[in-house]
Structure formats: structure tokens, C-alpha cells
2 protein chains.
Amino acid sequence: MPATPAVPDGKRPTLADLATRAGVSTALASIVMRGAKGASAATRERVLEAAREIGYRPDARARLLRSHRSHLLGVQFGLQHPFHADLVEGIYATAEPAGYQIALSAVTAERGEQRAVETLLDDRCEALILLGPQAPASRLTELAGQLPVVSVARHLRPPVPGLEVVRTADDKGARQAVDHLVALGHRAIAHIDGGKAPGAADRRRGYRTAMSRHGLTEHIRVVPGGLTEAEGAEAAQVLAASQPRPTAVLAFNDRCATGVLDVFLRSGIPVPGAISVVGFDDSHLARLAHIDLTTVGQDIPRLAHLAVDRAIARLDGRDTGTGEQVVAPHLVVRGTTAPPSTAPAT
Amino acid sequence: MPATPAVPDGKRPTLADLATRAGVSTALASIVMRGAKGASAATRERVLEAAREIGYRPDARARLLRSHRSHLLGVQFGLQHPFHADLVEGIYATAEPAGYQIALSAVTAERGEQRAVETLLDDRCEALILLGPQAPASRLTELAGQLPVVSVARHLRPPVPGLEVVRTADDKGARQAVDHLVALGHRAIAHIDGGKAPGAADRRRGYRTAMSRHGLTEHIRVVPGGLTEAEGAEAAQVLAASQPRPTAVLAFNDRCATGVLDVFLRSGIPVPGAISVVGFDDSHLARLAHIDLTTVGQDIPRLAHLAVDRAIARLDGRDTGTGEQVVAPHLVVRGTTAPPSTAPAT
DNA sequence: ACGCCCACATGGAACGTTCTACAATCGGTC
DNA sequence: GACCGATTGTAGAACGTTCCATGTGGGCGT
């Protein structure tokens, strides 16, 4: 039996065991374990020592049950989205130092948002952070009535009372991309959109207004796409075959953009020689040396930080009203954009 | 206040509220809610009705605290690994119908395995499922002494008592790939390995023995790689520049393989015209139409199912001794492999 | 009629914490 | 030397559930 520091019987040591061992009351042991004030330095040391000896670990469940504060944030995320993975990473980074635990609940093809949220609720989370929720606004409203809810990357209008929104200024990002391409000399700039995906509407709108602002209304071209490589590839096929072919493409996101890149390369259309490609997100994907994608960067750590911060603020009663936090995107110029090879058509 | 079916005060309804409402004791209400026997059909209906009315949801924490069985499986996974995401998806699919809940704990750059496991332990999980754990064997041994532990995709030798292993026959998979390439007429087949990644050693070994068995010992060539696209790309640069160039490459996994593909395409080396590429995993990536990668498929749903099954078996005392479940891989032939263009050198 | 068993129902004690009292000890102050 | 406030400690009741040991009643065999 390796490493068996437990109490006599096989069970996991409890606060009572610890208290007995240290020769104090359970109440005092509790005080020490949670770092509250009310214990002398001497006893504190003694209890801690005893805890180490018997390998005591507080029971999160029991602790949560008793204290009205659970310090638990429920996070719903899409298991297959790298973007969400990055966000979760950031959420851990902010929440744990702030003394909050994270309960993760995944959304998959077979496990809907409804189920994901239910398990979080059963776990007695104090607040919910939903990454790119697709649930109808009515459902979100209902949830927001029960506990603080933060929606990340989903733009809700009109604002839902009690629901915090944290998102990137998607329209602005699309505009930055268009500005960049126009500055390089492009005129025929197409957009592969994300359909109903969170943020897609704003990016589409941003693209349209930016094009208009540059007097390129007649060059506006939106091709139906999506948020995966396959959908990007499909759209790219359409663009590659079209006459005249645009000289630049703004894809809905990086995954979509890699699908586009792949099709162009295989079709013998050099990037950025014959056509420029811009992504969105600045995920790990875009940064890979061999993809080297010009993209609109979302400030993921900041989005994550804000989401946690908003949730905690609501819990502390620090903040009341409905709020929306909009984070500025920033263009990251890499190797997939360059001036068009031929003089732009009028 | 939309949808406010709660009890008078603002609190969430409790079992006692439900019992009062239905006119029964809390004990009986409990019986009904967990579907145990001991309640008549009439009261059962009445209680369920009342539960619906006040929107009662059992408190998972309290439930866990009281019942010695928590029916909670702790899962540690790498947030950035698509392969793990697929596994988690499969784990949900098996565990939830079996009446087990899943507690997720992510491993990230900043959050080590140690911390991930600690939180799972604090949540009073009954068993641990570790996806590709990197922790030292001593640590795993220690854990296995405390509760049932299942290691997925990590081959441990010698077997650790009390630790279940579920993995793919990586060596066999590598062999299948080599056999396929040899059957196509390839002789100069290189392998980009995965370094210290779980399974890498077995795949490397499988490649070596398969080559030897075909009398191609002198063509054995292992290039250091890794499990990401960037590492695959790097290795591909080395191969592309080498003289003579191999006519086929077996990459450590699909991500690695896509990095390889990308470099070859950019260098003007047609795939599979000039060189064939085989991946490993059969992740979503490989199936994308525009990548269309020949790869060694891991039976992810089966791995997930077995992992959960082993854990539950141990909990039910159905199974005692140390066990290892090895799942057979299967080659998935797609578009990145073809016969070599030139006659193979001797 | 009598006992007996079974299905149905209940009260109360856990589970391992934290929280709200309140008690004891100890300088220090008037 | 009584009083006070701060500090350190404790007892005991929660939290919301499940488990255990009992009550009930009515149907049925004798």
C-alpha cells in the first residue's frame, strides 16, 4: 500500500478526523482550512501540520452545500471549437486566482445546450458563462432571471435584462480587414460568411458598410459559408470558378480560411499572388508558420477575463444593470495578403 | 418576472418544498425523484406533477454528499487536443445513459495535470479517466491506490496494479500503414515520429519492425516530429530537401500530417503524385474533403466506451485485476496515397 | 376471527462542511 | 478590583439529500 496516510479505516479523512488529530474543535479546524480569521498562528500551524500528516482534503461538495456561496462558475462550451478551447483556457486563468472554481459542461452533437446547462444548474453554480450560445433569446432570458448569465461572442439585441454580453466588435473587425485590403489596392473583395453562427451577422454587416464607404458597393459579394474548413473549401470552389474572380477574400474565421487556402493552392491559384485571404479570430491555427494567415485578431484572453469579471461583479452585487462589453479587434498582417497582381477593374 | 414557478421566497425549491406541495414526506418525495421502488403509481404521479409545477430540480451536491455512491466520473483532458475532444464526446455518450455524470477538468499550458486531478478529487469523483496522461508512473500508481483509474492512450509498462489501460494497438497501426505503402510499391518510406507523446514509441517500433519484415531495413528513416502541424511542417522541410527523397511518409498523427501536406504542396511536390502521405487517428481533420488524408483510424467511440466501461466495472466490483484493453486500428485509404511514380531504387 | 406479510409511507439520523451564537481567556484601563 | 474589548476557542444547528428502522393499513390463508 503506497502512500496511505489516511485515518485507520479506509475512508477519506474528514474535518472531524483532522480536528481530533490536531486536538481542536471541528469549527476551528474549519476556520484554519479556509484561511478565515479567528485562529492563533500557533494552532493554525498545528492544524495545517495535522492536515498534511493525514492527507486531509476538504470535501468540495459538503463545503458548497453548507456555505451559501459556492464560488462555482458554470461554463458551457463547444467541445469541437478551438476558439472555445482558448476561451476556456483564459477563463481558468482568471477565475482560479480569484478564488472561483470552474465547472465545465460540453456541448456536442448529441448533447445539446439544454442538457449542458441543466447539469451546471444541478451543480449549484452561482453564475453561468455561455460561450457562443445558440439557444433562443427567450431561453436566455429565463435563465438570466434565475442567476447571473454572461454570453460570450453572441450579440443579443435587444439587450436582455440581467444578461451580460461580452463580445468582439465583429463589424469593426470586418471593416479593418476591408480597409487593409483596399489600402493594398484591392477592389473586388468577397466575403465568405458564417451563416447563423454567433457574430456572423455583425461581420457581414461590417463588410458591407466598409465596402460601401470605399465606394465599392458594386463589388460587394457575399458567398454562403460557415465556421468549418469544409464549408470554407466549398465556398472557395465557388469563388475559384467564378468570372471575374475576386482578388481578395475575407473568410468568416480562421478555420474557414484554411479551407479556402487549401482549395486555392490545389487549384494552382497562388496566395497571395493571385488572391489575398484574410481570416478571423487569430487562433493558434493562423499563427502556424506554414499557414501564416493574415487575420482579424480577437483578444481572447481579454474576452475571457471580462466574462469572468462580469460574472463575479454581478455576484458581488458590484454591478447591477444590463451590460455589454465590446472588445476591439486588431488586424494581424501576415503572409496571405499582398497587393493585387493586375490593375483593379473599375 | 418570466417563468418564476419557484416557492414563495426567492430560493430554489427544495425537497421539503416539494413534499409539502405534494402532501407527502420528504422521504417519499426522494423515493419518487430518484425512481426507487416503494411508492405507489398514484403518489408517484402526484409528486412528479408537483415537481413540475414548482420547477424542482434535485441538488446534485447534497445528493452526492449523502449517498455513498456519487456516480461521478472525473475526466482529465487536454483542452487543445481535437483527439481528446472526440474522446470526451464518446465518454459523455456512454456514461450518461449508464447513469453516470461527468466532471471535466482541463489540462492547459498553465494548469497542470496535478491541479486538474486535485479538483476532480475534491469533487468526490468515484473514478478517474485520464486522457493521454503525461504524469510519472509513480504518481499514477499513487492515484490508483486511492480510486479506480483508467489511462487512455498511454501505454504503461510494466502494468501498474489497479490501473486500467485502454489504448489502440499503435504498433499494429503503423504496420498496417507500412504494409499498405509497400503493397503500392513503395520502398523508401520515412516516419515522422511523435517524440515523447503517448503512443509515439509504439508507432515508431511498429514502423521499424514492419520495414524490417519487408526487407527494407536500410530504408528505415525516422525524422523527429511531434503532434502539431508546425512540427510536421518542420519535419517535412527536412524531408523535402533530402537526397534521395523518400516516396512515402508516415506521420505521427493527422495534425502532423496536415503540416506535411502543406509544405509539400507549397514546395510544388504533388501528393500523392510525387510522394504519398499517411496520417494517424482519423480525426475530423482527415475526413475533410479537401484534405482527404489516408490515415490509420483509431476507433475513438470504442476507446471512449471501453474507458467508461472499465471504470464502471471496477466501481461495481465486477472486475478486479489489472487490465489492459487494446483496440485494433484500421487503415482508412483516401486520396493521399498512390503508387510511386518512378521505379523504386534497390 | 386471527395473525401475517406485503406494499406503501414516514420520522429521524446521517453525510462533511460552514455559520451563528456564545464562552473563556487575557491584557489593559479607570 | 470590577469592567471592557479583543482575541481565540467551542457547541450545535443548519444545508438538502438519502438511508435505516419503523409504522400503518389491507388482503389473504387458516
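Source: prediction; values computed, not measured. Protein chains get the first letters and strands the later ones, always in sequence-line order, with residue 1 at the start of each.
Using a 4.0 Å cut-off, no side-chain N or O of B:Ser67 falls inside it from OP1 or OP2 of D:dT18. Contact between the side-chain N/O atoms of A:Ser40 and the OP1/OP2 oxygens of D:dT7 is not found at any separation under 4.0 Å. Listed pair A:Thr14 / C:dT17 meets the phosphate criterion, a side-chain N or O lying under 4.0 Å from OP1 or OP2. Residue A:Arg34 places at least one side-chain N or O closer than 4.0 Å to OP1 or OP2 of C:dC19. Look at A:Thr26 and you won't find any side-chain N or O under 4.0 angstrom from OP1 or OP2 of D:dT10. A close approach under 4.0 Å does not occur between any side-chain nitrogen or oxygen of B:Ser30 and OP1 or OP2 of D:dT17. At least one side-chain nitrogen or oxygen of A:Arg63 sits closer than 4.0 Å to the OP1 or OP2 atom of C:dT18.
Salt-bridge formation is not detected for the pair A:Glu49/A:Arg46: no Lys NZ or Arg NE/NH1/NH2 atom is positioned less than 4.0 Å from an Asp or Glu carboxylate oxygen. Contact check on A:Glu96 versus B:Arg111 returns a salt bridge, with a Lys/Arg side-chain nitrogen under 4.0 Å from an Asp/Glu carboxylate oxygen.
For B:Arg46 and C:dC8, the CZ to C1' distance is 12 Å, given to the nearest whole Å. Rounded to an integer number of Å, the gap from CZ of B:Arg21 to C1' of D:dG16 is 20 Å. The interatomic distance linking B:Met33 (CE) with D:dT17 (P) rounds to 9 Å, in whole Å. In this structure, B:Lys37 places its NZ atom 17 Å from P of D:dT18, rounding to the nearest Å. Between the CG atom of A:Leu64 and the P atom of C:dT17 there is a distance of 12 Å, rounded to whole Å. At whole-Å resolution of the value, NE2 in B:His71 and P in D:dT17 are 17 Å apart. The CG-C1' distance, from B:Leu28 to C:dA7, rounds to 12 Å in whole Å. The CG-P distance, from A:Leu65 to D:dT18, rounds to 12 Å in whole Å.
Out of D:dG16, C:dT18, C:dA9, the shortest distance to the side chain of A:Leu15 is found at C:dT18. When distances are taken from the side chain of B:Thr43 to each of D:dT10, C:dA9, D:dT17, the shortest belongs to C:dA9.
With hydrogens and angles ignored, no donor-acceptor pair under 3.5 angstrom links the side chain of B:Arg66 to the base of D:dT17.
The number of heavy atoms from other shown groups lying within 6.0 Å of CZ (B:Arg302) does not exceed 12. Heavy atoms of other residues, nucleotides or ligands lying less than 6.0 angstrom from CD of A:Glu110 number 12 at most.
The shortest heavy-atom contact between A:Ala39 and A:Val32 is CB-CG2, 4.0 Å.
Sequence order on DNA chain C of the closest nucleotides to B:Val24 and B:His68 puts B:Val24 first from the 5' end.
If you check every strand for non-hydrogen atoms under 4.0 Å, A:Ala39 touches sugar and phosphate atoms only.
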